[in-house]
There are 2 protein chains.
Amino acid sequence: MAKTAIKSYSLAEMKDKYIGKKGTADRDEYEYELRMDVLGRMIKTARQERNLTQEQLGQLVGVQKAQISKLESSANSATIDTILKVFKALKADIHFNVTLEKKHLQLV
Amino acid sequence: MAKTAIKSYSLAEMKDKYIGKKGTADRDEYEYELRMDVLGRMIKTARQERNLTQEQLGQLVGVQKAQISKLESSANSATIDTILKVFKALKADIHFNVTLEKKHLQLV
DNA sequence: AAATAAGTTTCAAAATATAGAAACTTTGTT
DNA sequence: AACAAAGTTTCTATATTTTGAAACTTATTT
């Protein structure tokens, strides 16, 4: 899997600007387009929010820190199974929504 | 930065404005907890919404109908890559959101 | 009922993800 | 600078997904 380089902002920046200063709410919520690279960044963000090292998260998930590193950097196209294991370990609630726009219906 | 400012307006707001109010005929939206089986059902739902057979969707994605069948029935833990290919072929907008509840912070 | 279309399952092969371990690099601390 | 902690990369092995092809089952149509 190729890494897509769209990075151009720090997550901390983004959170402060668009979501609100850390610590103000009793929860943090993020919504993104589902993309491999964004998923990786979300894992990293959530881990840091929990004040965990990659090694600690690895222990919670049951894998080594190297694997966490790979997931955070989107080194490969993770399976849903893996994604869910990680977010569960982070006690993160993860939802997805699908929108079908009718205007696209003309597929031929 | 502007392009990545997904959170500056809520998605719901944007859709209401540019695509149509929820529940109107212009769009269909579904939100679920991210789970393998639900993903499979969503693929099926979206495909049927598009009036496509598994074979037709397979052609759009570039795989055989058997693979679509397996994905819809969650026969295995698909990779993000595959999921994205399918929803893209269906011209479906797919977002995910992650919620971190502070009360869970006390991991240790 | 017969024929066709749509969907499912099985088999085998190829591609990719996951895993542990260790070396390596970067970052932070004293 | 020296040291420790955190994160990354590489190597190798194993497990799983993806794939095509064909056989099979279930629905639909004539």
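Small disclaimer: the values here were computed from a predicted structure and weren't measured. Labels below follow one simple rule: chain letters A, B, ... track the order of the sequence lines, proteins then strands, and each chain is numbered from 1. What you see below is based on every heavy atom in this structure, not just the backbone, and it leaves out hydrogens, waters and symmetry mates.
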In whole Å, what is the span from the [atom1] atom of [X] to the [atom2] atom of [N]?
{"X": "A:Met36", "N": "C:dT16", "atom1": "CE", "atom2": "P", "answer": "15 Å"}
{"X": "B:Gln59", "N": "C:dA6", "atom1": "CD", "atom2": "P", "answer": "11 Å"}
{"X": "B:Gln56", "N": "C:dA5", "atom1": "CD", "atom2": "P", "answer": "12 Å"}
{"X": "A:Gln54", "N": "D:dT9", "atom1": "CD", "atom2": "C1'", "answer": "12 Å"}
{"X": "B:Leu52", "N": "C:dA5", "atom1": "CG", "atom2": "C1'", "answer": "15 Å"}
{"X": "A:Ile83", "N": "D:dT16", "atom1": "CD1", "atom2": "C1'", "answer": "15 Å"}
{"X": "A:Gln48", "N": "C:dG28", "atom1": "CD", "atom2": "P", "answer": "12 Å"}
{"X": "B:Asn51", "N": "C:dA6", "atom1": "CG", "atom2": "P", "answer": "12 Å"}

*So which one's nearest nucleotide on DNA chain C is more toward 5', A:Ile80 or B:Lys44?*
B:Lys44
_Heavy-atom protein contacts under 4.0 Å, nucleotides 19-27 of chain C, coded B base, S sugar-phosphate only, - none_ = BBB------
*Quick one: what's the B/S/- string for nucleotides 25-30 of chain D, heavy-atom cutoff under 4.0 Å, read 5' to 3'?*
------
Under 4.5 Å between any side-chain heavy atoms of [X] and [Y], yes or no?
{"X": "A:Val63", "Y": "A:Thr82", "answer": "no"}
{"X": "A:Leu100", "Y": "B:Arg50", "answer": "yes"}
{"X": "B:Val61", "Y": "B:Leu90", "answer": "no"}
{"X": "B:Gln67", "Y": "B:Lys70", "answer": "yes"}
{"X": "A:Val98", "Y": "B:Phe87", "answer": "yes"}

*Would you say a side-chain N or O of A:Thr79 is under 4.0 Å from OP1 or OP2 of C:dT18?*
yes
*Report yes if a side-chain nitrogen or oxygen of A:Arg47 is closer than 4.0 Å to either non-bridging phosphate oxygen (OP1 or OP2) of D:dG7; otherwise report no.*
yes
*Quick one: which of B:Ile80, B:Ile83, B:Leu84 gives a side-chain contact (heavy atoms from CB on, under 4.5 Å) with A:Ser77?*
B:Ile80
*asked:* Taking side-chain hydrogen bond (donor to acceptor under 3.5 Å, both in side chains) as the criterion, tell me which of A:Lys44, A:Arg41, A:Arg47 meets it with A:Glu72.
replied: A:Arg47
*Report the distance from atom CD of A:Gln48 to atom OG1 of A:Thr53, rounding to the nearest 0.5 Å.*
11.0 Å
*Nearest 0.5 Å please: distance from the OG atom of B:Ser73 over to the CD1 atom of B:Ile43.*
10.0 Å
